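The block underneath contains the structure these notes are about, expressed in structure tokens.
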Amino acid sequence: MLRRIASRCARGLGAGGGAHPAVGLSCSSRSSDAPRNQPPSSEFVARPVGVCSMMRLPVQASPEGLDAAFVGVPLDIGTSNRPGARFGPRRIREESVMLRTANPSTGALPFQSLMVADLGDVNVNLYNLTDSCRLIREAYQKIVAAGCIPLTLGGDHTITYPILQAMAKKHGPVGLLHVDAHMDTADKALGEKLYHGTPFRRCVDEGLLDCKRVVQIGIRGSAMTLDPYRYSRRQGFRVVPAEDCWMKSLVPLMGEVRQQMGGKPIYISFDIDGLDPAYAPGTGTPETAGLTPSQALEIIRGCQGLNVVGCDLVEVSPPYDPFGNTALLAANLLFEMLCALPKVTVV
């Protein structure tokens, strides 16, 4: 058995979707021409077989030796409405068994270009949101210090704040592509300054964002005032309401965003409620008349070639979508983010 697992590791196939770390083997130490981790092909390994990891990749305890990694943050105590996002990472991983290794639409071959694994979940404190943010920040500081680009499975949107703290510590203020139904720039609610409606306000407070390179897409819904975009626009953010996206391709918009972002570091934060609840009902604060999945693909694919230093996909709440369509969509969007990372081979 160990010989078969070692053989798979040497070929970069993992062991039934990540079982080999349990027997003390690792594929991460490699020369530049050594094989990289690959999700196992369903031609040889049945989809239900193996440890539940993102795309059935090997599970690795350390980011050392990785170019990119999927990371779960199962936190939802910052949620203001329907809970359940703590179960998002697990369900996204379950649905990711449908994903394969190549992206024919963009020509991206991420697993031929990067060493990728699943780092498991950050251990959060479900009784203390401030402490959870500390735990997330410290975990991501280690990830980015190792030169690994994190792709995060959320979790509610509060988690982006400590992640961006870690990003800014390494890269300085970063640009932000934020897809969402909501601004997430509130100052406080119920007297609290930290919840999933405030992460980007806190980021501005701490100078974590390059505000002239922040774009918010898909914003919509009722508000407490007739000018809900006022704070964001005062900071220099570009706000693209959902109405400006209806019934059109977003390729031209992303051409403008690419020029705005330039070659400096950019972080992608994608709230699944940016999509219309007809496509993604499993979320905590759904808003009608949102983006379509094809527009989501145009946004992410439009980031190809940019200096993307991290990504997240947040607010998947599986209890509100028992069929798993929201999580399946989230898994596909995370794969698209992986394909858009720097150094990914495109043919």
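By convention here, the first residue in the shown sequence is residue 1. The structure presented is a predicted model; accordingly, all values stated were derived computationally and were not measured.
Within the structure, salt bridge (charged side-chain N to carboxylate O under 4.0 Å, His left out) pairs that include any residue of residues 309-320 do not occur (at least two apart or interchain). Within the structure, salt bridge (charged side-chain N to carboxylate O under 4.0 Å, His left out) pairs that include any residue of residues 178-199 comprise D187-K193, D187-R202 (at least two apart or interchain). Among pairs with a residue in residues 187-211, those fulfilling ring pair (Phe, Tyr, Trp, His ring centres under 6.0 Å) read H157-F200, H178-F200, at least two apart in sequence or across chains. Sorted by first and then second residue, the salt bridge (charged side-chain N to carboxylate O under 4.0 Å, His left out) pairs with a member in residues 213-227 read D210-R213; sequence neighbours excluded. Annotation: salt bridge (charged side-chain N to carboxylate O under 4.0 Å, His left out) contacts involving residues 325-347, sequence neighbours excluded, comprise R301-E336. For the ring pair (Phe, Tyr, Trp, His ring centres under 6.0 Å) condition, no pair includes a residue of residues 260-308, sequence neighbours left out. Residue pairs meeting the ring pair (Phe, Tyr, Trp, His ring centres under 6.0 Å) criterion with at least one partner in residues 307-331, sequence neighbours excluded, do not occur; the list is empty.
Judged by the 6.0 Å distance and 45° axis criteria, R36 is not positioned over the aromatic ring of F111.
Judged by distance alone, the side chain of R82 and the main-chain N or O of T285 form no donor-acceptor pair under 3.5 Å. A donor-acceptor contact shorter than 3.5 Å links the side chain of S62 to the backbone of E64.
Ion pairing between a basic and an acidic side chain is recognised when a charged N comes within 4.0 Å of a carboxylate O; E94 and R90 show no such pairing. Salt-bridge formation is not detected for the pair K142/E138: no Lys NZ or Arg NE/NH1/NH2 atom is positioned less than 4.0 Å from an Asp or Glu carboxylate oxygen.
Between R91 and P318, the closest heavy-atom pair is CB-CG, 3.6 Å. E287 approaches H182 most closely through the heavy-atom pair OE2-NE2, 2.9 Å.
A donor-acceptor contact under 3.5 angstrom links the side chains of S232 and Q216, judged on distance only.
Through direct or indirect side-chain contacts shorter than 4.5 Å among Ile, Leu, Val, Met, Phe, Trp and Tyr, M247 is connected to W246. In the hydrophobic clustering, where aliphatic and aromatic side chains (Ile, Leu, Val, Met, Phe, Trp, Tyr) are joined below 4.5 Å either directly or transitively, V347 groups with L109.
For K170, the NZ atom is densely surrounded, since the number of other residues' heavy atoms within 6.0 Å is greater than 12. For CZ of R233, the number of neighbouring non-hydrogen atoms (other residues, nucleotides, ligands) closer than 6.0 Å is greater than 12. Atom CG of N325 has more than 12 neighbouring heavy atoms from other residues, nucleotides or ligands inside a 6.0 Å radius.
Here T185 pairs with nothing under the side-chain hydrogen bond (donor to acceptor under 3.5 Å, both in side chains) rule; sequence neighbours left out. Not counting sequence neighbours, the partners of D76 by the salt bridge (charged side-chain N to carboxylate O under 4.0 Å, His left out) test are R86. With sequence neighbours excluded, the residues forming a side-chain hydrogen bond (donor to acceptor under 3.5 Å, both in side chains) with D321 are T326, listed by chain and number.
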Step-by-step side chain to side chain contact (heavy atoms under 4.5 Å, CB included) determination, V215 to M261:
CA-CA 9 Å; V215 179; M261 296 299 176; 3.8 Å; yes

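C245 pairs in a side chain to side chain contact (heavy atoms under 4.5 Å, CB included) with only one of the listed residues (T292, I299, V240), which is V240.
Here OG1 of T198 is found 9.0 Å from CG of D205. Values are rounded to the nearest 0.5 Å.
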